[in-house]
There are 2 protein chains.
Amino acid sequence: MPAAARPATDSRHPEIPAKRRAGRPSSAVLDQAVITSAALRLIGKSGYDGLTMAALARSLQVAPSALYNHVTSKRDVLVLVEDHLASLVDVSAFGTEPWDEAVRQWAWSYRDVFSKHTPLIPVIAVLPVTDAPQTLAMYETVSQGLREAGFPQERIVSSIVALESFIFGSAYDVTAPADIFDPGSMAESTPNFTAAVRSLAEQGHERPADVAFSLGLEALISGLGALRK
Amino acid sequence: MPAAARPATDSRHPEIPAKRRAGRPSSAVLDQAVITSAALRLIGKSGYDGLTMAALARSLQVAPSALYNHVTSKRDVLVLVEDHLASLVDVSAFGTEPWDEAVRQWAWSYRDVFSKHTPLIPVIAVLPVTDAPQTLAMYETVSQGLREAGFPQERIVSSIVALESFIFGSAYDVTAPADIFDPGSMAESTPNFTAAVRSLAEQGHERPADVAFSLGLEALISGLGALRK
DNA sequence: TTCCTAAATGAATGGCATTCATTTAGTGGT
DNA sequence: ACCACTAAATGAATGCCATTCATTTAGGAA
């Protein structure tokens with residue numbers, strides 16, 4: 001009795017998502033791109049605490065184990081997300097602006113993108129570039145920019161690493177609570193630090209993290225620039 | 001029959017640690033210092049993956065729930081460890097050396113200590129200084145050093161934050177695999193980056209992370225120094 | 001047709017941080 | 001000397017987590 005068979009998609013109850021029956025579906029539901037964008041949506045809504053394999057599967061209306069046909073681990077998902085974010089970093093100034101201005105724009109953009117994704121930093125920091133093509137493309141653009149600016153070949157990678165280390169650390173700093181440096185009851189025992197914190201506060205900057213980032217970035221740019229050919 | 005009662009410490013089976021019976025023991029087994037040093041020992045032996053509340057409890061011969069009488073969460077344990085490590089950072093050059101040399105020694109020491117403890121970096125980065133007295137003491141020493149060197153009051157905290165951001169990022173870099181930048185099969189599509197990686201490799205440095213750290217640190221020191229009164 | 005492989009389900013596993021009821025020991029007040 | 005209170009331990013339970021495995025189904029190659 002074929003007429004009695006329940007179709008794979010049953011539209012009589014649109015609220016309750018139609019259960020897929022076991023077995024390979026006629027057309028694939030998942031691939032890495034779909035997983036990546038679902039992960040990004042989930043992170044946007046619930047943060048990295050909300051990014052669990054179960055929640056990711058639920059948002060894709062799929063069983064958790066189905067994800068493992070396309071990624072080998074949760075870390076794999078994080079790598080996919082990381083590489084997507086790398087493609088959002090603005091490298092457009094390389095080739096149109098002087099090298100120092102290009103580095104400046106790249107660095108601010110890089111920090112801004114990853115300050116909303118600090119849980120990825122431990123992943124990127126040890127990730128072989130082979131596993132992250134967009135990230136590699138970013139390095140290529142920056143390398144070309146520095147070479148054309150006259151950076152000695154053997155110092156290009158070290159310069160990028162130094163800038164990147166500063167950027168990653170600064171991305172964390174953006175997420176710090178505003179009163180992180182309030183010495184509270186220990187103020188009397190730390191007069192120099194307490195005075196320095198007060199003095200900065202009196203400047204009334206909206207975003208102290210930006211002040212520190214600008215200070216360090218400009219120091220790095222001029223220091224690295226001094227070593228060109 | 002009091003003679004039949006099993007004493008709290010039964011030495012007849014020294015291999016099998018005597019089970020404590022339920023209830024408050026005559027003298028306290030745990031405190032924060034004991035927990036901190038057990039955590040450090042465990043991290044040294046099994047790394048941060050091995051640092052679980054259950055393993056920590058086991059190493060102290062205590063039930064996991066007993067830990068919660070002294071810390072409110074696992075994060076609390078990490079904070080205790082972090083603050084202990086801060087006390088190991090060498091700030092001795094402040095007061096005896098010129099400011100730039102003092103910063104140099106401090107920064108290298110700070111990076112070296114935390115490169116073995118990168119999982120703490122996300123914790124420190126957002127940790128109110130009130131919760132970490134040793135860390136605060138370190139800031140005090142550095143602040144005094146910079147003030148005496150003629151740094152303008154309102155730029156001291158930003159300078160420390162910039163240096164610290166670079167140090168944290170560089171600590172991750174130390175842990176990266178040696179071949180992290182090998183572009184593998186994508187070498188042809190990234191000629192500039194590939195050439196730069198090769199060129200650095202040809203220099204034959206033992207620790208490329210040290211080269212990048214030195215480069216960035218010297219740039220920061222001279223850049224920050226240029227802004228003194 | 002017949003295999004092989006890809007891609008889904010659903011059930012299970014073991015580990016994790018944390019909570020709670022319970023037990024016991026010391027302490028401060030009357 | 002008693003009594004109430006609090007501190008510090010046990011042990012059982014909770015709920016969540018990533019991951020694995022047996023099973024089912026579909027499509028494509030031989």
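Computed from a predicted model, the values in this text were never measured in an experiment. We name chains A, B, ... by the order of the sequence lines, and we start the count at 1 in each one.
Annotation: the span from B:Thr130 atom OG1 to A:Phe181 atom CZ amounts to 11.0 Å, rounded to 0.5 Å. Annotation: the span from B:Arg75 atom CZ to B:Leu78 atom CG amounts to 8.0 Å, rounded to 0.5 Å. Atom CG of A:Leu136 is separated from atom CG of A:Asp83 by 9.0 Å, given to the nearest 0.5 angstrom. The OG1 atom of A:Thr194 sits 10.0 Å away from the CE atom of A:Met186 when rounded to the nearest 0.5 Å.
In the model, B:Gln105 has no side-chain atom that pairs as donor or acceptor with a side-chain atom of B:Tyr110 under 3.5 Å. For the residue pair B:Tyr139 / B:Glu164, a side-chain donor-acceptor distance below 3.5 Å is found, with atom types taken as modelled.
Residue B:Arg20 places no side-chain N or O under 4.0 Å from the OP1 or OP2 atom of D:dA9. Within the 4.0 Å cut-off from OP1 or OP2 of D:dA26, at least one side-chain nitrogen or oxygen of A:Arg21 is found. Contact check, A:Arg24 against C:dA6: no side-chain N or O comes under 4.0 Å of OP1 or OP2.
A heavy atom lying under 4.0 Å from DNA chain C marks the following residues of residues 62-81 of chain A, by number: A:Val62, A:Ala63, A:Ser65, A:Ala66, A:Asn69, A:His70. Proximity of residues 34-47 of chain B to DNA chain D (heavy atom under 4.0 angstrom from any strand atom) is not detected for any residue.
Ring geometry, A:Phe168 versus A:Phe114: the interplanar angle exceeds 60°, so the pair is classed perpendicular (tilted spans 30 to 60°).
Remark on DNA chain C: of its neighbouring residues A:Asp31 and B:Thr52, the 5'-side contact belongs to A:Asp31, judged by nearest-heavy-atom nucleotide.
Per the geometry, CG belonging to A:Asp49 stands 13 Å off C1' belonging to D:dC17, to the nearest Å. Taking atom CG on A:Leu60 and atom C1' on C:dT9, their separation rounds to 15 Å, with Å as the unit. Note: CG (B:Leu51) to P (C:dC16) measures 11 Å, nearest angstrom. At whole-Å resolution of the value, CZ in A:Arg58 and C1' in D:dC16 are 11 Å apart.
By the salt bridge (charged side-chain N to carboxylate O under 4.0 Å, His left out) test, A:Asp210 is found to be paired with A:Arg111, A:Arg207, residues two or more places apart in sequence or in another chain being considered.
The side chain of B:Met53 approaches C:dT18 more closely than any other nucleotide in the set D:dC17, C:dA6, C:dT18.
With a 6.0 Å radius and a threshold of 12 heavy atoms from other residues, nucleotides or ligands, B:Arg198 has its CZ atom at or below the threshold.
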